Amino acid sequence: MNSEKKEYNVLIVEDSPTMRQLLTFILKRIKGVNVVEAKDGVDALKKMSVNRFDLVITDINMPIMDGLKLVNLIRKDDIHKNVPIIIVTTEGGQEDKERAMALGANAYITKPIQSAHLLEVIKQYLK
Amino acid sequence: MEGEKEGKKSSLLFNKRAEEFLNTFKKGAEFAQQLLKENERLRYRIAQLEEENKALKKMKWEEELEFLRKRVKELEMEKEELLKKYKEVEKENIDFAKKYVEVEEENNNLANLYIASYQLHSTLDFKEVLQIITEILINLIGCEVFVIMLFEEKSNTLIPVSAEGLNIKDIPSVKLGEGKLGEIILKKEKWIRDYYPNEEINIENPFAIVPLEVKNTLIGAIMVYKLLPQKQKLEKIDYELFTMLAGHAATALFSAKLYSDSERKLSTIQGFIQLLTKK
């Protein structure tokens, strides 16, 4: 993590309130992290249009717009095309992972999550 | 006559000088002898001193060697001591790292339990409670195929109310105390197989059964048939989550049901009152 930068904006995109709360709880353990929650891909894009984010953590299976479509759109967006994206999903298949990575995701973590592992990955991308 | 006298005189003088010369020569010879002796003595002394010097040199070198040997020993001991300390610190480091992992795991577990119970009691809407139980089973435990059943006291039967990975219409009700499932649920104790089966899903043969109860009153049950592909076995936290669900999911479902019943009754009473007041 960059020691000079003090604040990080992280967007959590997850339809399950339980998972949103758990991810927020884990993220709040990192000093200087501000969490914004979105319940699906469309909600995430709305929030990205008014805020700049340092990291996006997204689920794949969500109503209205899924996580893969969201990754695809973020990579085409001029402002956020370089933002690191971590996928957190129940889809544990190799094909799903390859598809997500091919679309531009930076990391792929399967549920149920281990907070220590997730924190390690998050810290790697919060630069 | 005078010539004879003169000759005797010079002969005497000659003899005297010869004697003097002899004396001087003798003295010179004695002196040379003395010098030779002194020389011999000095040579001997030099030889003696050289021997002494050699001995001294040898002694000094041996002393130095001894000193260095001693120092090497001291340094070796110091090195041993430092290595011992290093090993101790390393062991301590490993212990700390282990403790950190344990604390981190415990923290993770507590976070899961706290969030699960918080979410379960965050609503009085029956459908939402079912949704939250489903989310906990999928996201926090890692269940892929499962059924949630509610106990109907009148018919003494458990009726499926929610299913994941199965068609709810294909799931039969379970009569309490009858069949394998009914007998396990009647005991009101969670039942989890020792091993994770790699067999086809059989409704009668789940991997885990978690009866939901409020103070010994059966509310329902959760039957788990399959875990997510990336989850090969249950962890310690999963057992704790099942225990938490057994109590908290039961309370949440019971409260939500009571609330919806009271809401329904209230609207019926209000309807009656309206009907009566209209007349």
Side-chain angles (χ1 to χ4, degrees), chain A residues 12-31 33 35 37 39-40 57-64 66-67 86-101 105 107-124, chain B residues 97-123 125 128-146 164-165 226-238 240-242 244-245 248-249 252:
Chain A
I12 293 172
V13 193
E14 172 66 71
D15 60 326
S16 153
T18 312
M19 270 312 284
R20 278 205 303 269
Q21 194 183 7
L22 180 63
L23 289 170
T24 305
F25 188 88
I26 293 168
L27 275 159
K28 291 269 181 180
R29 291 178 58 201
I30 305 171
K31 205 179 167 190
V33 164
V35 178
E37 295 179 12
K39 59 184 188 298
D40 56 60
I57 299 172
T58 180
D59 186 12
I60 290 183
N61 299 322
M62 289 181 292
I64 307 173
D66 69 25
I86 300 173
I87 303 266
V88 177
T89 178
T90 51
E91 305 297 332
Q94 188 60 27
E95 275 178 30
D96 299 302
K97 184 180 177 179
E98 279 167 11
R99 213 173 136 215
M101 298 308 265
Y108 195 92
I109 295 171
T110 52
K111 293 177 192 171
I113 53 164
Q114 293 295 315
S115 66
H117 175 57
L118 181 66
L119 276 172
E120 211 173 279
V121 178
I122 289 168
K123 282 175 184 171
Q124 207 178 310
Chain B
K98 270 186 194 165
K99 274 255 159 67
Y100 176 77
V101 172
E102 274 172 30
V103 169
E104 196 57 45
E105 204 184 307
E106 203 60 39
N107 196 30
N108 183 40
N109 295 351
L110 285 172
N112 280 334
L113 286 168
Y114 164 74
I115 287 158
S117 59
Y118 177 92
Q119 287 293 331
L120 278 171
H121 299 295
S122 64
T123 179
D125 185 284
E128 278 182 20
V129 173
L130 277 179
Q131 183 56 35
I132 290 163
I133 297 171
T134 303
E135 281 177 15
I136 292 167
L137 287 165
I138 298 172
N139 295 317
L140 301 190
I141 301 177
C143 303
E144 191 177 23
V145 180
F146 58 87
E164 195 69 33
K226 203 177 166 192
L227 299 175
L228 289 167
Q230 62 268 27
K231 179 115 182 172
Q232 290 304 310
K233 63 177 175 89
L234 291 176
E235 306 290 339
K236 190 183 145 203
I237 177 65
D238 301 323
E240 284 177 28
L241 279 165
F242 276 139
M244 187 277 302
L245 278 174
H248 287 251

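Just so it is clear, the model here is predicted, and its values are computed rather than measured. Every chain is numbered from 1 and lettered A, B, ... according to where its sequence line falls, protein lines coming before strand lines.
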Interface residue of largest heavy-atom contact number with chain B, from A:T89, A:V88, A:T110, A:I113, under 4.5 Å: A:T110
With chain B, the option among A:Q114, A:Q21, A:R29 that has the most non-hydrogen atom pairs under 4.5 Å is A:Q21
Examine whether an atom of B:I136 lies under 4.5 Å from a heavy atom of chain A, and if so say whether it belongs to the side chain, the backbone or both; otherwise answer neither. side chain
So does A:T90 get a backbone contact from the side chain of B:Q230, meaning a donor-acceptor N/O pair under 3.5 Å? yes
Can you confirm whether A:I60 sits close enough to A:Y108 that some side-chain heavy atom of one is under 4.5 Å from a side-chain heavy atom of the other? yes
Between the side chains of A:R99 and A:E91, is the shortest nitrogen-to-carboxylate-oxygen separation below 4.0 Å, so that they form an ion pair? no
Pair B:E135 + A:R20: basic N to acidic O under 4.0 Å: no
Per-residue contact mode, B:L140 against chain A (heavy atom under 4.5 angstrom): both
